[in-house]
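Step one of this worksheet: look at the structure below.
None of these values were measured; they are calculated from a predicted model. So you know, we letter chains A, B, ... as the sequences are listed, proteins then strands, and number each from 1.
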Amino acid sequence: MSAKYTNIEQTRLDKVARLRAQGIEPYPHRVERTHTSAQILAEFEQAEAAGSETPVEATLVGRMRSMRPMGKITFAHLEDGSGRIQIFLRANDLGQEKLELFNKEFDLGDFVQARGEMFRTRSGEVTLKVQDFRLLSKSITPLPAAKDEIVDGEVVQHATLSEPELRYRQRYADLAVNPEVRRIFRTRAALVRALREFLDSHDFLEVETPVLQPIYGGAAARPFVTYHNQLKQDLYLRISFELYLKRLLVGGYEGVYEIGRDFRNEGVDRTHNPEFTQLEFYWAYADYLKVMDLTEQMIRFAAERVLGKHELQYLDHTIRLGAPWQRMELNEGLLEVTGIDIDQHPTAESLASAMRAKGMEPNPNDTRGKLIDGLLGDYLAPTLIQPTFVYNYPRDISPLAKSLPGNPQITERFEGYLAGMELCNAFTELNDPLDQEARFVEMGRDYAQDDEERHPMDEDYLRAMRYGMPPCGGFGMGVDRLAMLFTNSPNIREVILFPHLRKEEE
RNA sequence: GGGUGCGUAGCUCAAUGGUAGAGCAGUGGCCUUUUAAGCCAUUGGUUCAGGGUUCGAGCCCCUGCGCACUCACCA
């Protein structure tokens with residue numbers, strides 16, 4: 001931290017010194033508060049409507065966001081967690097000296113406590129007429145905000161912090177200055193609450209499983225590696241919760257879920273952050289069709305709770321969650337958009353040549369499953385704007401999913417798409433320990449030895465499964481992506497409070 | 001990792017290769033119902049960093065750093 005202050009900061013530090021010289025502590029310990037700004041507004045308007053003559057008194061606190069000194073009077077706005085309220089200071093009430101203290105030593109961004117009674121100004125704004133005030137915390141660095149205007153009770157900003165880098169690096173300043181950013185994270189919290197409420201009410205047990213894992217698994221992704229000094233052991237930050245949650249079904253729970261952080265050591269873009277929030281649930285005695293139904297219900301429930309409606313406005317799209325989701329078999333969907341029938345191409349070589357015939361450039365090292373996944377991502381996914389379940393995936397990219405009865409090459413797996421984004425992934429879970437072991441071995445073969453996406457063999461997981469795992473359906477969803485949809489955010493960084501950025505220069 | 005663009009005052013932005021500016025914020029003054037208050041005056045710059053070209057660089061060239069978009073990669 002540089003010891004050098006800007007002119008504005010130096011000016012404010014001088015004010016701190018002057019205040020202390022007058023015996024005024026700029027960072028006091030105790031606060032008095034009788035109402036939030038929203039409470040007092042409601043109370044005053046109620047009293048006014050009832051024709052009450054009794055003065056409405058209040059002690060309010062908040063951050064000073066505007067200040068209009070006009071000689072012997074001053075107007076200012078305080079902002080607290082519930083909104084803003086105007087305060088009015090008059091030399092007649094406070095004395096000339098006290099008013100000057102406020103005008104000269106208080107700044108935008110300071111936290112202030114003010115006591116007085118409520119009234120309505122000539123222009124109609126409900127306002128606190130201040131009888132006494134106190135500094136609660138001095139702001140040294142000016143908030144990166146330009147002036148605001150209040151029109152019909154709404155804060156209108158004429159220019160504000162907009163540089164994305166500064167907004168993400170100094171999220172505190174972004175939040176302090178941009179109320180719509182505060183709103184995004186309230187919506188996100190409401191969304192997570194709704195998901196919990198839904199799963200709790202369906203008798204799922206919320207659990208917590210290890211973030212630090214000796215063997216990572218449950219997804220195809222490169223992990224972050226760390227090290228435990230005393231145990232002298234490499235540990236991986238989890239890339240999914242799957243293998244631990246399914247062990248719990250072996251233990252006798254019939255439904256478990258976890259909402260938590262996953263870590264993937266991969267590229268960063270508008271839909272990927274190195275750490276992200278995942279929701280997974282596992283449901284005994286269910287299959288992927290039941291999970292599809294539950295997914296529809298869950299997303300619809302969340303929309304009702306959070307948005308109060310069944311429609312999402314996302315970028316240019318209006319997404320309808322009220323209707324049943326479209327259900328599309330993967331092979332049919334791909335045939336539709338690419339003209340390639342993957343069922344006619346049982347090998348990677350055959351599929352790759354069919355792709356080349358269409359002018360595509362498949363990666364020659366990819367397995368058949370990876371090629372199909374590529375086609376899905378490149379050609380089919382972008383067309384899936386309205387909610388769609390794509391189902392029945394090839395076995396070699398679904399090592400934890402149970403095959404279709406009588407068709408070992410296709411698994412009972414689906415992914416949910418909205419607005420062209422992959423939102424969730426689910427399947428009828430493989431619970432045959434011998435089949436599972438064979439799949440792990442296949443994965444080891446199909447991936448190069450040094451491909452970190454390859455699934456390591458998890459012997460303990462197989463041991464758990466050998467005790468007997470009930471038939472079950474499992475589900476995973478990127479909560480950040482759902483939050484993007486619910487808040488109409490084009491970038492995942494808008495819904496993550498402190499998104500990852502490269503290290504700042506010293 | 002590739003491509004494109006951007007980086008100037010606290011914030012938002014200007015500035016043909018020729019003295020670095022504006023609005024807001026800040027500072028001083030006037031102003032007793034304002035609300036982007038107003039009026040007068042005024043402070044503030046390592047132009048992201050480091051090299052180069054040039055009589056002269058915010059601007060042109062090179063390198064680096066960071067951010068955005070995009071492609072690749074990626075459940």
Side-chain angles (χ1 to χ4, degrees), chain A residues 4-12 14-15 65-77 84 86-93 96 99 104 107-109 119-125 127 129 139-151 153 155-169 173 177 218-222 239-240 242 262 264-272 274 276 278 280 361 363 369-370 373-374 376-378 381 393 397-401 413 415 422-427 452-453 476-478 481 490-491 493 501-506:
Chain A
K4 204 172 169 213
Y5 294 107
T6 65
N7 288 344
I8 295 178
E9 288 169 336
Q10 194 51 58
T11 302
R12 292 189 179 189
D14 293 345
K15 292 180 183 183
R65 293 307 312 279
S66 71
M67 203 178 171
R68 293 177 294 284
M70 305 174 56
K72 304 282 190 301
I73 60 169
T74 291
F75 288 94
H77 277 94
R84 284 194 189 196
Q86 182 166 262
I87 63 174
F88 172 59
L89 300 91
R90 202 165 56 149
N92 296 20
D93 302 323
Q96 186 67 34
L99 182 64
K104 286 195 190 312
D107 290 293
L108 295 181
F119 75 112
R120 203 176 270 278
T121 62
R122 275 178 209 162
S123 53
E125 184 165 351
T127 299
K129 182 182 288 181
S139 162
I140 303 302
T141 304
L143 286 173
K147 210 176 276 186
D148 308 323
E149 180 184 13
I150 297 193
V151 178
V155 177
V156 177
Q157 296 191 319
H158 293 276
T160 187
L161 179 64
S162 59
E163 183 69 36
E165 182 172 359
L166 219 56
R167 288 188 46 231
Y168 300 144
R169 283 199 200 281
V177 142
R222 281 183 298 176
I239 59 172
S240 88
E242 171 147 8
D262 269 344
R264 296 189 184 175
N265 205 339
E266 290 175 346
V268 176
D269 63 26
R270 58 174 281 272
T271 59
H272 294 83
F276 62 100
Q278 180 87 330
E280 291 190 24
E361 292 173 5
N363 184 334
K370 276 200 170 185
D373 209 33
L376 168 61
D378 291 345
Y393 280 63
I397 51 169
S398 313
L400 302 163
R413 171 181 173 190
E415 290 183 323
E422 181 196 332
L423 180 68
C424 59
N425 178 27
F427 25 90
E452 287 177 282
E453 282 183 21
M477 177 174 72
R481 290 190 185 171
N491 193 304
R493 287 177 163 167
L501 296 180
R502 282 190 176 79
K503 198 169 66 175
E504 234 176 326
E505 272 185 274
E506 292 298 316

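- Taking A:D107 as the reference, A:K15, A:K138 meet the side chain to side chain donor-acceptor pair (under 3.5 Å) condition, with sequence neighbours excluded.
- One finds no side-chain N or O of A:R120 lying less than 4.0 angstrom from the OP1 or OP2 phosphate oxygen of B:rU33.
- Under the Watson-Crick or G-U wobble criterion, with both distances below 3.5 Å, B:rC74 is left unpaired in every strand shown.
- Here A:F75 pairs with A:F88 under the ring pair (Phe, Tyr, Trp, His ring centres under 6.0 Å) rule; sequence neighbours left out.
- Among the nucleotides B:rU34, B:rC67, B:rG26, the one closest to the side chain of A:T127 is B:rU34.
- Out of B:rG26, B:rC11, B:rU70, the shortest distance to the side chain of A:P144 is found at B:rC11.
- In this entry B:rA14 has no Watson-Crick or G-U wobble partner, no candidate having both defining distances under 3.5 Å.
- Remark: the separation of the P atoms in B:rG3 and B:rC62 is 12 Å, to the nearest Å.
- In this structure, of B:rG10, B:rC67, B:rA25, it is B:rG10 that holds the atom nearest to the side chain of A:T6.
- In this structure, A:F119 reaches the bases: a heavy-atom distance under 4.0 Å links it to at least one base atom across the strands shown.
- Taking only side-chain atoms of A:L161, from C-beta outward, the nucleotide of B:rC11, B:rU34, B:rC67 with the closest atom is B:rC11.
- For A:E163 and B:rG5, the CD to C1' distance is 13 Å, given to the nearest whole Å.
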Please tabulate the protein-to-nucleotide N/O contacts below 3.5 Å involving nucleotides 27-31 of chain B, giving atom names and distances.
from   : atom 1 : to     : atom 2 : distance (Å)
B:rU27 : OP1    : A:K15  : NZ     : 2.5
B:rG29 : OP2    : A:K104 : NZ     : 3.4
B:rC31 : N3     : A:G71  : N      : 3.1
B:rC31 : N4     : A:G71  : N      : 3.2

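- For A:D93, the side chain to side chain donor-acceptor pair (under 3.5 Å) partners two or more places apart in sequence, or in a different chain, are A:R90.
- Nucleic acid contact class of A:Q96 (heavy atoms, under 4.0 Å, all strands): none.
- In the interface, the side chain of A:N92 is paired with the base of B:rU32 through a donor and an acceptor atom under 3.5 Å apart.
- The distance from atom CE of A:M67 to atom C1' of B:rA37 is 14 Å, rounded to the nearest whole Å.
- Among the nucleotides B:rU34, B:rG44, B:rA68, the one closest to any side-chain atom of A:R493 is B:rA68.
- Contacts of A:E361 classified as side chain to side chain donor-acceptor pair (under 3.5 Å), with partners at least two apart in sequence or in another chain: none.
- The same atom, C1', is picked in B:rU47 and in B:rA57; the two are 11 Å apart, to the nearest Å.
- The nucleotide whose nearest atom lies closest to any side-chain atom of A:N491 is, among B:rA68, B:rC69, B:rG10, B:rC69.
- Nucleotide B:rG66 is matched to B:rC6 when pairs are restricted to Watson-Crick or G-U wobble geometry with both distances under 3.5 angstrom.
- Counting only heavy atoms from C-beta on, A:F88 has its side chain closest to B:rU33 among B:rU12, B:rA68, B:rU33.
- Rounded to whole Å, atom C1' of B:rC73 lies 9 Å from atom CG of A:D269.
- B:rU32 and B:rG26 have their C1' atoms separated by 25 Å, with the value rounded to a whole Å.
- For A:I8, the listed nucleotide lying nearest its side chain is B:rG10; candidates were B:rC11, B:rG10, B:rC74.
- OP1 or OP2 of B:rA37 lies within a sub-4.0 Å distance of a side-chain N or O belonging to A:R68.
- With hydrogens and angles ignored, the 3.5 Å screen pairs no side-chain donor or acceptor of A:R68 with any backbone N or O of A:T74.
- Remark: the backbone N or O of A:H77 is paired with a side-chain donor or acceptor of A:S66 at under 3.5 angstrom.
- Residues meeting the salt bridge (Lys or Arg N to Asp or Glu O under 4.0 Å) test with A:R167, sequence neighbours left out: A:D174, A:E494.
- In this structure, A:L501 places its CG atom 6 Å from P of B:rC67, rounding to the nearest Å.
- Contact annotation for A:Q86: base contact, defined as any heavy-atom pair under 4.0 Å involving a base atom.
- Among the nucleotides B:rA68, B:rC74, B:rA25, the one closest to any side-chain atom of A:L108 is B:rA25.
- Looking only at distances, no side-chain donor or acceptor of A:R65 sits under 3.5 Å from a matching main-chain atom of A:L108.
- In this entry B:rU46 has no Watson-Crick or G-U wobble partner, no candidate having both defining distances under 3.5 Å.
- Judged by distance alone, the side chain of A:E415 and the main-chain N or O of A:C424 form no donor-acceptor pair under 3.5 Å.
- Picking from B:rC67, B:rU33, B:rG44 the nucleotide with the shortest atom distance to the side chain of A:N7 gives B:rG44.
- Among the protein residues, A:L166 comes within range of the sugar-phosphate backbone only, with heavy atoms under 4.0 Å from sugar or phosphate atoms but none that close to a base.
- With hydrogens and angles ignored, no donor-acceptor pair closer than 3.5 Å exists between the side chain of A:E125 and the base of B:rU33.
- Using Watson-Crick or G-U wobble geometry with both donor-acceptor distances under 3.5 Å, B:rG58 finds no partner in any strand shown.
- Residue side chain A:R122 does not reach the base of B:rU33 through any donor-acceptor N/O pair under 3.5 Å, judged by distance alone.
- The partner of B:rC30 is B:rG38, by the rule that a Watson-Crick or G-U pair needs both atom distances under 3.5 Å.
- At the phosphate of B:rC73, neither OP1 nor OP2 sits under 4.0 Å from any side-chain N or O atom of A:N363.
- In terms of modelled atom types and a separation under 3.5 Å, the side chain of A:T6 and the main chain of A:E9 share a donor-acceptor contact.
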